[in-house]
Amino acid sequence: MDFFSTNLFNWYGLVFAIFLLLPDIAYIRNNKIDRTIFDNKAMLYIERIGKYCSIFLMGINIGVLEGGFTKPIIWMISTCVLTVIAAILWLLCFNRFSKLWAYLLTAVTAVIFIMSGLLQVKTLLLTAGVVYLIGQLYVTNKYVKSKMQ
C-alpha cells in the first residue's frame with residue numbers, strides 16, 4: 001500500500017476530481033444551456049462518458065490496466081497547479097465568458113485527466129481523458145458559437 005492510495009480509493013485523486021466537478025455543477029445550475037445547439041447527440045454522450053469516467057477513475061482504483069505511480073510527488077504538484085489554473089479559468093468564465101477562457105479550460109481539464117493517466121500508469125484513465133478531450137472540444141465549440149451570436 002503506498003502513501004497516496006488505499007486498495008480501492010486514491011484519496012488525493014478523489015479530492016482533485018471533486019474540485020474539478022464542483023465548478024461544472026455550479027456553472028450548469030447558474031447558466032441556462034440550450035441543449036438544441038448540440039446537433040450531434042453522440043458527441044454529447046461521448047463528452048459525458050469521458051468526463052464522468054475520468055472523474056471516477058481519478059478517485060477509484062478498479063485494478064484493471066493499472067500500474068501504479070511512477071513519481072507520486074510530480075503527479076501531486078502538477079495536478080494541484082493545473083487544478084488551481086482550472087479553478088481560476090472557471091472564475092473567469094463565471095464573471096465574463098470568453099472564447100479563449102472556455103478553450104483553455106477544456107485544454108487544462110483534459111491535460112489533468114490525460115497526465116494523471118500517464119503518471120499513475122492507468123490506461124483506462126488515459127483513454128477516458130482522450131475521449132473527454134474529443135467530446136469536450138465539440139461541446140465547447142458549439143457552446144462558444146451559441147454564446148457569441
Can a donor-acceptor pair be found between the side chains of N61 and K122 at a distance below 3.5 Å?
yes
Linking Ile, Leu, Val, Met, Phe, Trp and Tyr through side-chain heavy atoms less than 4.5 Å apart, which residues share a cluster with L91?
none
Rounded at 0.5 Å granularity, tell me how far CD1 in I134 sits from CD1 in I46.
7.5 Å
How far apart are the closest heavy atoms of A128 and C53, and which atoms are they?
CB-CB, 3.9 Å
If you count the non-hydrogen atoms of other residues, nucleotides and ligands that lie under 6.0 Å from CZ in F19, is the total more than 12?
no
For A110 and L133 the tightest heavy-atom approach is CB-CD1, 3.5 Å
Can you give me the closest heavy-atom contact between S78 and L119, atom names plus distance?
OG-CD1, 4.1 Å
Please tell me if the side chains of I85 and L89 come closer than 4.5 Å, counting only heavy atoms from C-beta onward.
yes
How long is the gap from CG on L20 to CD1 on I25, to the nearest 0.5 Å?
11.5 Å
Is there a donor-acceptor pair closer than 3.5 Å between any side-chain N or O of T79 and the backbone N or O of M76?
no
Within a strict 4.5 Å, meaning less than it, do heavy atoms of the S116 and F16 side chains meet?
no
Which pair of heavy atoms, one from T106 and one from T109, lies closest together, and at what distance?
O-OG1, 3.1 Å
If I compare all heavy atoms of L105 with all of A86, which pair ends up nearest, and what's the gap?
CD1-O, 3.5 Å
To the closest 0.5 Å, what do you measure between CD1 (I37) and NZ (K142)?
8.5 Å
Applied to residues 85-104, the side chain to side chain donor-acceptor pair (under 3.5 Å) test, sequence neighbours excluded, yields Y103-N141
Among pairs that include at least one residue of residues 110-132, which meet ring-ring contact (aromatic ring centres under 6.0 Å, His included), considering only residues two or more places apart or in two chains?
F113-Y132
Quick check: closest heavy atoms across A102 and C93, and the distance to 0.1 Å?
N-SG, 4.0 Å
Assess whether ring-ring contact (aromatic ring centres under 6.0 Å, His included) is satisfied between F97 and Y143, documenting all intermediate values.
CA-CA 11 Å; F97 186 81; Y143 186 69; 5.5 Å; yes
For T140 and L137, indicate whether the former's side chain and the latter's backbone hold a donor-acceptor pair under 3.5 Å.
no
How many angstroms lie between CE in M43 and CZ in R48, if you round to the nearest 0.5 Å?
13.0 Å
According to the side chain to side chain donor-acceptor pair (under 3.5 Å) rule, which pairs have a member within residues 13-24, sequence neighbours left out?
D24-K51
Can I49 be reached from I28 by stepping across I, L, V, M, F, W or Y side chains whose heavy atoms are under 4.5 Å apart?
no
Please work out whether the ring planes of Y27 and F94 are parallel, tilted or perpendicular, with thresholds of 30° and 60°.
tilted
Checking T83 now: which residues fulfil side-chain hydrogen bond (donor to acceptor under 3.5 Å, both in side chains) with it, not counting sequence neighbours?
none
Could you go step by step and tell me if M58 and L125 meet the side-chain contact (heavy atoms from CB on, under 4.5 Å) rule?
CA-CA 7 Å; M58 287 262 311; L125 178 57; 4.1 Å; yes
Between CD1 of I114 and CG of L118, what distance do you get to the nearest 0.5 Å?
8.0 Å
Can you measure from CD1 (I55) to CD1 (I112) and round to the nearest 0.5 angstrom?
10.5 Å
Write out all pairs satisfying ring-ring contact (aromatic ring centres under 6.0 Å, His included) with one or both partners inside residues 30-57, taking only residues at least two apart or from two chains.
none
What about V15 and L21, same hydrophobic cluster or not, with Ile/Leu/Val/Met/Phe/Trp/Tyr joined at side-chain heavy-atom distances under 4.5 Å?
no
Kindly indicate whether the side chain of N10, heavy atoms from C-beta on, has any atom under 4.5 Å from the side chain of I60.
no
